[in-house]
Amino acid sequence: VKVATDGSLIIADWYDPGVGGHNMRDLDRGRLFRITPKGHKGYKTPRFDFSTAAGAAEALKNPNYAVRYVAWTSLHQMGAKAEPALLKLWKSSNPRYRARALWLLGKIKNRGQHYVDLAIKDANSDIRITGLRLARQLKSVDAIDTAAKLARDKSPQVRREVAVAIRHEKSARGPKIWAELAHQHNGKDRWYLEALGLASDLNADACFKAWLAQGGKWNTPAGRDIVWRVRSKHAPALIAKILKDPATPKEQHPKYMRAFDFHKGPEKDKALQSLLDL
């Protein structure tokens, strides 16, 4: 049961004998009831003017996806003519409205870089993340350069987004940015560690070498995390050293032994053979 904004009650009566979608038998069985007092006239369908920038920008606030789609399409077609109306939305105190406006502002011809630059300097970390995602969509903006500017962001959520953004980067810039991100791992954030792993998976050796070259300390709690997660050919030897270290708690040994399963090649074989010396 939910109370609508006009005071009426919305009641869901749903029977689903095939929860999960594997055996769907709930066709025509779900019902939604709206209960209102007799004579109640509070329920009204809003009308929007999608033909004007102001009207479409107002519709962009609507929670209904269909309404927002029509509003977005209309504003996008208007291009620069919609910029003043979108700027008002961009200056809103509501971060959701601001993000919706940003996606459109950034796609106005020759304005992408301007709005990406504004977004990545914003006080709201979600807006900075949106700015980077926008940069990745725009052909006119260097997404890796944008990622580099956010590599030292104070928000780990933003830095995780940077890690995702550089995953497919094949130039030397990718490993350099990755090393900066890896230096900021605190050894406690499992999500951040996985973002580092995902970002390095396609170029693990270069990323790992860049981190070590920039002073990465592998024999610390945070450094051991990175050794454990990154699939570089240089990692197996260090995993073996961690296992041989008397200071490594016995309960952590299975974790590091399991890490070998994600490696292959002579480096792995040599590291495993070295454990026989224990």
Side-chain angles (χ1 to χ4, degrees), residues 53 56-57 60-61 65 68-184 191-192 194-203 206-207 210-211 214:
L60 199 63
K61 300 177 182 179
Y65 283 105
R68 291 214 304 270
Y69 170 79
V70 177
W72 195 97
T73 302
S74 177
L75 289 163
H76 187 50
Q77 289 175 345
M78 292 179 194
K81 294 180 181 179
E83 191 169 8
L86 288 169
L87 279 173
K88 290 182 180 179
L89 204 58
W90 165 249
K91 295 176 182 178
S92 164
S93 60
N94 187 315
R96 292 174 178 82
Y97 297 166
R98 298 186 67 217
R100 292 171 194 173
L102 177 62
W103 283 112
L104 283 156
L105 287 166
K107 293 182 178 181
I108 295 174
K109 188 176 181 179
N110 299 325
R111 298 293 279 164
Q113 187 69 64
H114 171 73
Y115 285 111
V116 166
D117 290 341
L118 277 182
I120 63 174
K121 294 176 184 177
D122 199 83
N124 187 311
S125 60
D126 288 332
I127 295 295
R128 298 199 297 278
I129 288 172
T130 306
L132 177 53
R133 291 177 179 175
L134 175 63
R136 294 177 66 194
Q137 278 196 8
L138 298 175
K139 294 181 179 179
S140 61
V141 176
D142 187 332
I144 301 303
D145 182 61
T146 304
K149 294 175 182 177
L150 293 170
R152 287 283 174 181
D153 196 278
K154 61 183 179 181
S155 166
Q157 289 83 4
V158 174
R159 297 198 305 275
R160 289 203 305 258
E161 193 67 29
V162 172
V164 173
I166 65 172
R167 174 176 166 83
H168 295 281
E169 178 61 23
K170 296 180 180 179
S171 75
R173 293 189 299 172
K176 182 178 179 181
I177 296 171
W178 188 90
E180 282 193 69
L181 297 172
H183 280 303
Q184 297 170 81
W191 294 110
Y192 191 81
E194 188 55 35
L196 289 174
L198 181 147
S200 67
D201 279 346
L202 301 180
N203 199 13
C207 288
W211 175 62
Q214 290 184 26

Any side-chain heavy-atom pair from [X] and [Y] closer than 4.5 angstrom?
| X | Y | result |
| --- | --- | --- |
| I166 | L181 | yes |
| D153 | V162 | no |
| R100 | L75 | no |
| L138 | Q113 | no |
| H168 | L202 | yes |
| D126 | P95 | no |
| R133 | W103 | yes |

Determine the minimum heavy-atom distance between [X] and [Y], stating which atoms define it.
| X | Y | value |
| --- | --- | --- |
| L102 | A119 | CD2-CB, 3.6 Å |
| A80 | P84 | O-CD, 3.8 Å |
| L134 | K107 | CD1-CE, 4.3 Å |
| A151 | I177 | CB-CG2, 4.1 Å |
| A56 | S74 | CB-OG, 4.2 Å |

Rounded to the nearest 0.5 Å, what separation is found between the [atom1] atom of [X] and the [atom2] atom of [Y]?
| X | Y | atom1 | atom2 | result |
| --- | --- | --- | --- | --- |
| D145 | R173 | CG | CZ | 6.5 Å |
| T146 | D117 | OG1 | CG | 7.0 Å |
| R111 | S140 | CZ | OG | 12.0 Å |
| S155 | L150 | OG | CG | 10.0 Å |
| L86 | I108 | CG | CD1 | 6.0 Å |

(message) Working note: L132 + R128, criterion side-chain contact (heavy atoms from CB on, under 4.5 Å); need CA distance, chi angles, decisive distance, verdict.
(response) CA-CA 6 Å; L132 177 53; R128 298 199 297 278; over 6 Å; no
(request) Might you work through the side-chain contact (heavy atoms from CB on, under 4.5 Å) test for I129 and R160, ending with a clear yes or no? (result) CA-CA 9 Å; I129 288 172; R160 289 203 305 258; over 6 Å; no
(request) Give a yes or no on whether the backbone of A163 and the side-chain of W178 come within a donor-acceptor separation of less than 3.5 Å. (result)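 Absent.
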(request) For the pair Q184 (side chain) and E180 (backbone), establish whether a donor and an acceptor sit closer than 3.5 Å, ignoring hydrogens and angles. (result)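 Confirmed, Q184 side chain pairs with E180 backbone.
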(request) Hey, can you tell me if H183 and W211 have their rings parallel, tilted or perpendicular (30° and 60° cut-offs)? (result)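 Taking W211 first and then H183, their aromatic rings sit tilted (interplane angle of 30° to 60°).
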(request) Show the numbers, then the answer: is there a side-chain contact (heavy atoms from CB on, under 4.5 Å) between T130 and R98? (result) CA-CA 10 Å; T130 306; R98 298 186 67 217; over 6 Å; no
(message) Can you confirm whether more than 12 heavy atoms, excluding those of K149, are under 6.0 Å from its NZ atom?
(response)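 Yes, enclosed.
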(message) Tell me whether the count of non-hydrogen atoms from other residues, nucleotides or ligands lying under 6.0 Å of CZ in R152 goes above 12.
(response)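 Yes, CZ of R152 has more than 12 neighbouring heavy atoms, counting only those of other groups under 6.0 Å.
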(message) Assess the residue pair L60 and L104 against the criterion (side-chain contact (heavy atoms from CB on, under 4.5 Å)); give the C-alpha distance rounded to whole Å, side-chain angles, the decisive distance to 0.1 Å, and a yes or no.
(response) CA-CA 11 Å; L60 199 63; L104 283 156; 3.7 Å; yes
(message) Holding to side chain to side chain contact (heavy atoms under 4.5 Å, CB included), I want the full list of residues that pass it with V70, two or more places apart in sequence or in another chain.
(response)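 Expected list: F50.
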(message) Can you see whether Y65 has R68 sitting over its ring - NZ or CZ less than 6.0 Å from the centre and within 45° of the normal?
(response)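 Positive - R68 is close enough to the ring of Y65 and near enough to its axis.
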(message) So, using ring pair (Phe, Tyr, Trp, His ring centres under 6.0 Å) as the criterion, who are the partners of W90 when residues are at least two apart?
(response)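 So W90 forms no ring pair (Phe, Tyr, Trp, His ring centres under 6.0 Å) with any residue.
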(request) Please identify each residue that fulfils side chain to side chain donor-acceptor pair (under 3.5 Å) with S171, with sequence neighbours left out. (result)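 Per chain and number, S171 pairs via side chain to side chain donor-acceptor pair (under 3.5 Å) with E169.
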